[in-house]
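A short worksheet on the structure shown next.
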Protein chains: 2
Amino acid sequence: MPGGRPRAFDPDVALDHALELFWRQGYEGTSLSDLTAAMGINKPSLYAAFGTKEQLFAKALDRYVNGPGAFAAEALAATTVREVVERLVKGAVELTAGRDTPPGCLNVNTVHACGPDAAPVRELALACRMAGEVALRRRLERAPDLPSGHDPATMARLVHTITDGIAVQAAAGRTREELHAVADLALRTLLPD
Amino acid sequence: MPGGRPRAFDPDVALDHALELFWRQGYEGTSLSDLTAAMGINKPSLYAAFGTKEQLFAKALDRYVNGPGAFAAEALAATTVREVVERLVKGAVELTAGRDTPPGCLNVNTVHACGPDAAPVRELALACRMAGEVALRRRLERAPDLPSGHDPATMARLVHTITDGIAVQAAAGRTREELHAVADLALRTLLPD
DNA sequence: TCAGTTATGTACCGATCGGTATGAAAATAA
DNA sequence: TTATTTTCATACCGATCGGTACATAACTGA
């Protein structure tokens, strides 16, 4: 069983570069030429290793969710509602306005990729969002310390709305420090001591 | 002074169709062919009447801000902080999840048009956002009824963050009714009676 | 050394992109 | 009518899009 010519690139770091580019320029705004240039490979190699641009994006999105975006799922393990929400909101600031990553959120960006041929990846992003929000709602539903009068579903949606807004603000150029101040105020009003 | 051949279309309704299309598909996702089809004219006529795709988008954005988005500037004239914020947040729901308009917000969409050739229109959208937020901050700075301990600048940014989040949620398919519930909860926590 | 296999580099595919040259059509002014 | 002006319709421009054919290079196993 022969081995063939070895790869001249590391698929993992190539995928990281693709993620970085999609994150910064969006799905529609990133061309195959951009990708091959950033990944240091040419188109046939890209296609052989990752498939279509759409399939490559799916892999990049998965890497995003389980890498920089993993804090969101982990936050639900916190003991108090307060801590869950705080980790979600502050984590959103770090994710979208962090120093070594592109501004904004890949998922939120993708929701706004409304072109006709971006529909499949948009569906991926929507499914991803839906899953995250259902998980948060379930967490709030079984929380004994949820403030009275707060419907878990609506509360989950409000938290999600605020993290979405943080992503937009970051994409629009708002700094990490400014957004942490916004997050602090949001937490104070949302869950007063 | 001869008159020449008359136009076979109404520039105002043509611009409305262009706005609708940009709103629904984004700047990058909308091609000139899409535009000419929706506006009922062909490319030379479009170019003669509105200029470049970029210039056409600028006109559409202006129409958006002074039409469906005019509530934002008008909300600042309300007498109480409570009413200002309520009109902004509820107005955002109506704008982005209204029945007869595309889901989402043209301005927020445009912020996420990160492709290289969308940079000029992105700058337009950013300037528009900045102006709106400065106006809200100024309004809050001279408000005697702002809750104590609330920095006007941070408060303005939080309100803007929430309306941005509402736009994302609407673009992701959340319904008008769900978003009104979210907006109600946001108002209740942000400015408790 | 020599198949067999996999990856690489180049050059190209049809389709579409935003934008335009060109000439006919439709109006006014003389 | 005739000259002038403006718009309309078609057809086309070079560039780029995502994706691929094809030949060569680099490896393993016999």
Side-chain angles (χ1 to χ4, degrees), chain A residues 1-15 17-19 21-22 24-61 110 113-122 124, chain B residues 1-15 17-19 21-22 24-61 110 113-122 124:
Chain A
M1 202 168 288
R5 177 172 176 171
R7 280 216 171 90
F9 66 96
D10 181 342
D12 272 357
V13 317
L15 184 55
H17 289 148
L19 167 56
L21 212 56
F22 280 132
R24 193 177 299 279
Q25 303 192 350
Y27 179 76
E28 314 185 82
T30 303
S31 69
L32 281 192
S33 304
D34 293 336
L35 288 166
T36 55
M39 300 165 86
I41 62 182
N42 39 35
K43 282 192 273 187
S45 298
L46 189 155
Y47 194 80
F50 302 102
T52 308
K53 180 187 178 186
E54 182 182 323
Q55 295 171 315
L56 170 61
F57 183 88
K59 292 181 172 66
L61 181 61
T110 308
C114 307
D117 55 346
V121 300
R122 188 168 175 274
L124 282 181
Chain B
M1 202 170 290
R5 177 175 176 170
R7 279 217 172 90
F9 65 95
D10 182 341
D12 272 358
V13 317
L15 184 54
H17 288 148
L19 167 57
L21 212 56
F22 279 134
R24 194 176 297 279
Q25 302 191 352
Y27 178 76
E28 315 185 81
T30 303
S31 70
L32 281 192
S33 304
D34 293 336
L35 288 166
T36 54
M39 300 165 85
I41 61 183
N42 38 36
K43 282 191 274 187
S45 298
L46 189 155
Y47 195 80
F50 303 101
T52 307
K53 180 187 177 186
E54 182 181 322
Q55 296 171 313
L56 170 61
F57 183 87
K59 293 181 172 67
L61 181 61
T110 308
C114 309
D117 54 345
V121 302
R122 189 169 174 272
L124 282 182

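In what follows, chains are A, B, ... by sequence order, proteins preceding strands, each numbered from 1.
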Pi-cation contact, A:Phe22 with A:Lys53 (under 6.0 Å, within 45°) | no
Contacts of A:Ser33 that satisfy side chain to side chain donor-acceptor pair (under 3.5 Å) - sequence neighbours left out | none
For the side chain of B:Glu28 and the backbone of B:Gly115, is there at least one donor-acceptor N/O pair under 3.5 Å apart?
-> yes
Ignoring hydrogens and angles, tell me if any N or O in the side chain of A:Lys59 forms a donor-acceptor pair with the backbone of A:Gly51 under 3.5 Å.
-> no
Which ones in residues 31-55 of chain A lie close to DNA chain D, meaning a heavy atom under 4.0 Å from one of its atoms?
-> A:Ser31, A:Leu32, A:Ser33, A:Lys43, A:Pro44, A:Tyr47, A:Thr52, A:Lys53
How long is the line joining CZ of B:Arg5 and C1' of C:dA27, in whole Å?
-> 9 Å
Nearest of D:dC8, C:dA7, D:dA26 to any side-chain atom of A:Arg7?
-> C:dA7
If we only count heavy atoms from C-beta on, is the B:Leu61 to B:Val121 side-chain gap below 4.5 Å?
-> no
